[in-house]
Amino acid sequence: MHPRWRLPGLMGLLVAAVLLWRWQADPGESAAADTGIAVSEPGPPAEDSADAGAAPAQAGDSARPTAVRPNPASAPRKEPAVALDAPALGYRASAAQRADDMARLVAADDLAPLLAEFKRRAANGDADAAARMRDIYDECMGVDLYQGPSSTTPGVPRTISFPGSLPLEDPRRQAALQIGNARCAGVLPPGDRNARIRQLGQNVASSRRLAADLGHLPSRVRLQPFGLDRALWAREQRPQALALLRDGSPEALFELTGFAGFATPYSEHSWTLAACAQGYPCEQSPFLRNFWCVQFGTLCDVSSFPEYIRQSSSARDWRRYQAERDQILALLRAGNLGALLLPDPAIGGGG
């Protein structure tokens, strides 16, 4: 899931819903979860082909966006941080393997075979497979949590609606609900709904930690602590943003959406467009489908982040985001990473 996406004029309402979801999703019990992974000594990266025993088949939010940066003003995490430069206990998959994994996540009708494949690979030290485990758990927790306003889970918003929201029985909203339920049917743990959500939240946290330990940089960034002093955020976040820029992968660029205004002068929408242009899977977003369409009855006809940005922006802002995207990509090609960051407040200059 990706909690940073907002519709203009509805920020306060959405923030309340997102903070509720984040509280459910990240209960601070990371060490208690059992992902079924016992990490062996890391072997060499496999070839670019997928696991031969896996059925062919979202990039997370994750988008959440997965799904991506937590709200710095929320309660401090209980998970211990992993230093950005800590020794990796595993290895990173090849760029081709990562792209293939993301594409199969988007296209899968059933996430259970992919989850089994990623568990096997993570047990052999594949940091990116562990990160994709986190994406699957994150999506399926959202699917189980967001069943529309008829939900009976205590604390889940049941009356939030936006102007123009589709009724729950609308075929488009029902189709989105059925897609999520089908994708996650084999992933959801047993037990009542509260127990399932609690277990999935623990699985999200433990798979994120596993990915961080194995060397997945975006997962390490997500585990960095936040101070509550807003004045310090730029200083705290700049090294993380620089590490993501040096990584340079589409996933790392997408992660930079959470640094807009604190470590980089470019907007989160501009970073999203840049990540999409570099190959991040921005079409058929599970976050837009499960969160906006199913839960709130909005954006059911929008399946991609670029189209969401275009529709929710003024013409002037849309042109600005596209221009900033082009600037970001040009500076990346030139290797001028310092120009993509705000000046370092510690030295009063750029990096």
Side-chain angles (χ1 to χ4, degrees), residues 1-25 58-67 105-112 135-201 204 283-305 307-312:
M1 295 295 183
H2 195 307
R4 295 187 59 85
W5 295 101
R6 309 183 180 109
L7 286 178
L10 300 170
M11 182 180 297
L13 198 58
L14 177 57
V15 166
V18 168
L19 288 177
L20 170 64
W21 177 84
R22 275 294 168 192
W23 178 83
Q24 299 254 12
Q58 144 180 41
D61 11 82
S62 78
R64 221 174 173 294
T66 174
L105 274 167
V106 170
D109 295 322
D110 179 2
L111 292 173
D135 290 343
I136 290 175
Y137 287 130
D138 193 43
E139 176 183 349
C140 292
M141 181 171 57
V143 166
D144 205 37
L145 181 62
Y146 293 127
Q147 294 288 315
S150 62
S151 166
T152 58
T153 301
V156 174
R158 287 171 286 180
T159 59
I160 293 178
S161 62
F162 297 139
S165 294
L166 299 173
L168 184 61
E169 62 272 13
D170 185 278
R172 289 166 290 181
R173 198 168 174 181
Q174 283 297 310
L177 178 61
Q178 291 169 13
I179 289 172
N181 285 337
R183 279 165 63 87
C184 291
V187 175
L188 297 178
D192 63 36
R193 196 154 179 238
N194 285 333
R196 289 198 305 271
I197 291 172
R198 191 161 49 246
Q199 182 61 53
L200 287 167
V204 167
E283 301 292 327
Q284 302 302 320
S285 163
F287 176 73
L288 294 175
R289 181 173 62 234
N290 298 328
F291 186 72
W292 280 116
C293 182
V294 172
Q295 176 65 15
F296 298 116
T298 62
L299 302 180
C300 289
D301 296 321
V302 176
S303 63
S304 75
F305 284 125
E307 181 60 16
Y308 161 73
I309 295 171
R310 187 188 68 80
Q311 289 195 18
S312 61

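The structure presented is a predicted model; accordingly, all values stated were derived computationally and were not measured.
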A.B. asks: Looking at R289 and Q284, what are the two nearest heavy atoms and their distance?
C.D. replies: NH1-O, 3.9 Å

A.B. asks: Ring-plane angle category for F291 and Y146, please: parallel below 30°, perpendicular beyond 60°, tilted otherwise.
C.D. replies: perpendicular

A.B. asks: Test of understanding: with side chain to side chain donor-acceptor pair (under 3.5 Å), list the residues that count as partners of D301, not counting sequence neighbours.
C.D. replies: R172

A.B. asks: Using 0.5 Å steps for rounding, measure from the CD1 atom of I136 to the CG atom of L200.
C.D. replies: 11.5 Å

A.B. asks: Go through the steps to decide whether V204 and M141 satisfy the test side chain to side chain contact (heavy atoms under 4.5 Å, CB included), and finish with yes or no.
C.D. replies: CA-CA 9 Å; V204 167; M141 181 171 57; 4.0 Å; yes

A.B. asks: Distance from I179 atom CD1 to C184 atom SG, nearest 0.5 Å?
C.D. replies: 11.5 Å

A.B. asks: If you take all heavy atoms of L288 and S303, which pair is closest and at what distance?
C.D. replies: CD1-C, 3.9 Å

A.B. asks: Given N290 and Q295, is the side chain to side chain contact (heavy atoms under 4.5 Å, CB included) satisfied, shown in steps?
C.D. replies: CA-CA 7 Å; N290 298 328; Q295 176 65 15; over 6 Å; no

A.B. asks: What's the spacing between S285 OG and E307 CD if we round to 0.5 Å?
C.D. replies: 13.0 Å

A.B. asks: In Å and rounded to the nearest 0.5 Å, what is the SG to CZ distance from C293 to R173?
C.D. replies: 7.0 Å

A.B. asks: Nearest 0.5 angstrom please: Y137 OH to L111 CG, how far?
C.D. replies: 11.5 Å

A.B. asks: Which residues satisfy the side chain to side chain contact (heavy atoms under 4.5 Å, CB included) test with Q178, sequence neighbours excluded?
C.D. replies: Q174

A.B. asks: SG/C140 to CG/L145 distance, rounded to the nearest 0.5 angstrom?
C.D. replies: 12.5 Å

A.B. asks: Please report the closest heavy-atom contact between Y308 and L299, naming both atoms and the distance.
C.D. replies: CD1-CD1, 3.5 Å

A.B. asks: Considering residues at least two apart in sequence or located in another chain, which fulfil the side chain to side chain contact (heavy atoms under 4.5 Å, CB included) criterion with A195?
C.D. replies: D192, R198

A.B. asks: State which residues pass side chain to side chain contact (heavy atoms under 4.5 Å, CB included) with R196; sequence neighbours excluded, sorted by chain then number.
C.D. replies: D144, L188, P189, R193

A.B. asks: Sequence neighbours left out, what passes salt bridge (charged side-chain N to carboxylate O under 4.0 Å, His left out) with E283? Give chain and number order.
C.D. replies: none

